[in-house]
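Since the structure comes first, as structure tokens, the remarks are kept for the end.
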Amino acid sequence: MTAPTTARPPMDPDEEAALLEGINKWVEKELTPQVVMHHDHNDIWPAEIVRQMTEMGLFGATIGTEYGGLGLPSATYAKIVMKIASHWMSLTGIFNSHLIMACAVERFGTEAQKQKWLPKFASGEIRGGLGLTEPNAGTDLQAIRTTARRDGDHYVLNGTKTWITNSINGSCFAVIAKTDPDAQPRYKGMSFFLCDKREGGEGFTIGKKFDKLGYKAIDSAELVFDEFRVPADQLIGGEEGQGFFQATGGLELGRINVAARGVGIAEGALRLATQYAQERQTMGKPIADHQAIQLKLGEMVTRARAARLLTLDAAAAYDRGERCDMEAGMAKYFASEAGVANAQEAMRIFGGYSYSKEYEIERYYRDSMIMCIGEGTNEMQRIIISKQWVKRNPA
């Protein structure tokens, strides 16, 4: 299956600057430490902030303008994610998962599906995400057990998805299931469906919500399908057996987003550490004047900058319509590890205060590790990078 191109021209620099300035002002005004810590510490869904993001068009950020979206290139989108994640990473997961679902419809859906679903996705009238992961299938997507059998004008789904973002407050999910469980190779028997909770049909329920270390205030729960009937016209692309390619086709954009979130964590931790290092004094001077702290800050700023450049490089390749699994993998791998490393170093700079929930830095530490796991583990990213590198450089 040949994936439709992702090519999209760069945004006019002046327009991009104006857009990013608006995002900056919104972040500084609305994502105050008090607001973020209240939602994070109590694991409260940020309904008012989601409403504001809807009004700003973030749920249509990468959806084409012909369907009511902003039509942003990946590079501009990544910069928005970086900024928001530098103050509160969880928020970016709410609209990223939604946009990957929309990407699947925009790239692979029928024209009727695009006309029906994309305007509602772009406006935020319908918000949702992806139903890929299962209790026994994560990185090995072909190991899924959820099935979909044809029954007249419907498909009947049975199975459980787990760790699904937006599961409780979302209303629609792109769910992968096996329409031919006996197919060999396995990927040929997989199909992608739009499952809409709003239809009120029986057999689609939400399982347990996970109590997580970090990534708080955002839904992560199970989707349970028990004889759930999905209209046949909600099979993405209208053809069985294409689900594996449709699902993985959005992973490049997903990994660029995760990379951007890693950049945000790295830059946010650096910002907090830099400020604290100039305020905290020991031995009669700010700790920023001590060589041990200077060495840490020097590494942190370099690491954050490198992560940003790798991410924007991958986004530019995506916007040119090029295959960029290696570039996206490098960005995701390096930037997520940069977020972890900078959060840890910032904890050391804050010293004992880093363990207090009165300070924000502990949240960056808790949030950072999920970026190394989500959208394909970093161990898998290194394998992808290596294989692509060898393929591009034959002996």
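Hydrogens, waters and symmetry mates play no part in the numbers below; they use all other heavy atoms, side chains included.
- With respect to R51 and E48, a salt bridge is recorded, a charged nitrogen being found less than 4.0 Å from a carboxylate O.
- For P33 against E360, the heavy-atom pair with the smallest separation is CG-OE1, 3.5 Å.
- Among the candidates N42, D40, I44, D367, the single residue satisfying the side chain to side chain contact (heavy atoms under 4.5 Å, CB included) test with K216 is D40.
- With 3.5 Å as the limit, one finds a donor-acceptor pair spanning the side chains of E227 and N158.
- Between the side chains of K161 and T133, no donor N or O sits under 3.5 Å from an acceptor N or O.
- Applying the side chain to side chain donor-acceptor pair (under 3.5 Å) test to residues at least two apart or on different chains, the pairs with a partner in residues 255-268 are Y77-N257, T92-R261, N96-N257, Y215-R261, N257-R261, E267-R308.
- Applying the salt bridge (Lys or Arg N to Asp or Glu O under 4.0 Å) test between E327 and each of R320, R392, K332 identifies R392 as the sole match.
- For D140 and R186, the salt-bridge test passes: some basic side-chain N is under 4.0 Å from an acidic carboxylate O.
- In the model, E222 has no side-chain atom that pairs as donor or acceptor with a side-chain atom of T160 under 3.5 Å.
- Residue pairs meeting the salt bridge (charged side-chain N to carboxylate O under 4.0 Å, His left out) criterion with at least one partner in residues 279-300, sequence neighbours excluded, are K296-E345, E299-R303.
- The side-chain contact (heavy atoms from CB on, under 4.5 Å) test applied to T205 returns V224, not counting sequence neighbours.
- By the rule that hydrophobic residues join a cluster once side-chain heavy atoms approach within less than 4.5 Å of another member, I63 and Y318 end up as members of one cluster.
- With respect to D325 and R323, a salt bridge is recorded, a charged nitrogen being found less than 4.0 Å from a carboxylate O.
- Under the 3.5 Å distance criterion, the side-chain polar atoms of T65 are left unmatched by any main-chain donor or acceptor of G68.
- A distance of 6.0 Å or more separates the ring centres of F121 and F59.
- Linking Ile, Leu, Val, Met, Phe, Trp and Tyr residues whenever their side-chain heavy atoms come within less than 4.5 Å places I126 and L99 in a single cluster.
- Ion pair K116/E111 not flagged as a salt bridge, since none of the NZ, NE, NH1 or NH2 atoms sits closer than 4.0 Å to an Asp/Glu carboxylate oxygen.
- A266 and A304 get closest at one heavy-atom pair: CB-CB, 4.2 Å.
- Heavy-atom neighbours of R229 CZ from other residues, nucleotides or ligands within 6.0 Å: above the threshold of 12.
- Each of L130 and M380 belongs to its own hydrophobic cluster when Ile, Leu, Val, Met, Phe, Trp and Tyr are linked at side-chain heavy-atom distances under 4.5 angstrom.
- The hydrophobic cluster containing I349 also contains Y353, counting ILVMFWY residues as joined when their side-chain heavy atoms lie under 4.5 angstrom apart, directly or transitively.
- Summarising the local packing, CZ of R348 is surrounded by 12 or fewer heavy atoms from other residues, nucleotides or ligands at distances under 6.0 Å.
- Between the side chains of S336 and N378, at least one donor-acceptor pair of N or O atoms lies under 3.5 Å.
- Clustering of Ile, Leu, Val, Met, Phe, Trp and Tyr side chains at separations under 4.5 Å leaves L295 isolated, with no partner residue.
- If you chain together hydrophobic residues whose side chains sit under 4.5 Å apart, L310 and L253 never meet in one group.
- T146 and E134 share a side-chain donor-acceptor pair at under 3.5 Å.
- Between the side chains of Q344 and Y364, no donor N or O sits under 3.5 Å from an acceptor N or O.
- The hydrophobic cluster around L312 extends to M82, V263, counting ILVMFWY residues whose side-chain heavy atoms fall within less than 4.5 Å of a member.
- Among residues two or more places apart in sequence or in another chain, the ring-ring contact (aromatic ring centres under 6.0 Å, His included) test is passed with W163 by F210.
- In summary, the side chains of D219 and N166 do not present any donor paired with an acceptor at a separation below 3.5 Å, with no hydrogens or angles considered.
- Aromatic rings of Y355 and F350 (six-membered ring for Trp) have centroids beyond the 6.0 Å cut-off, not under it.
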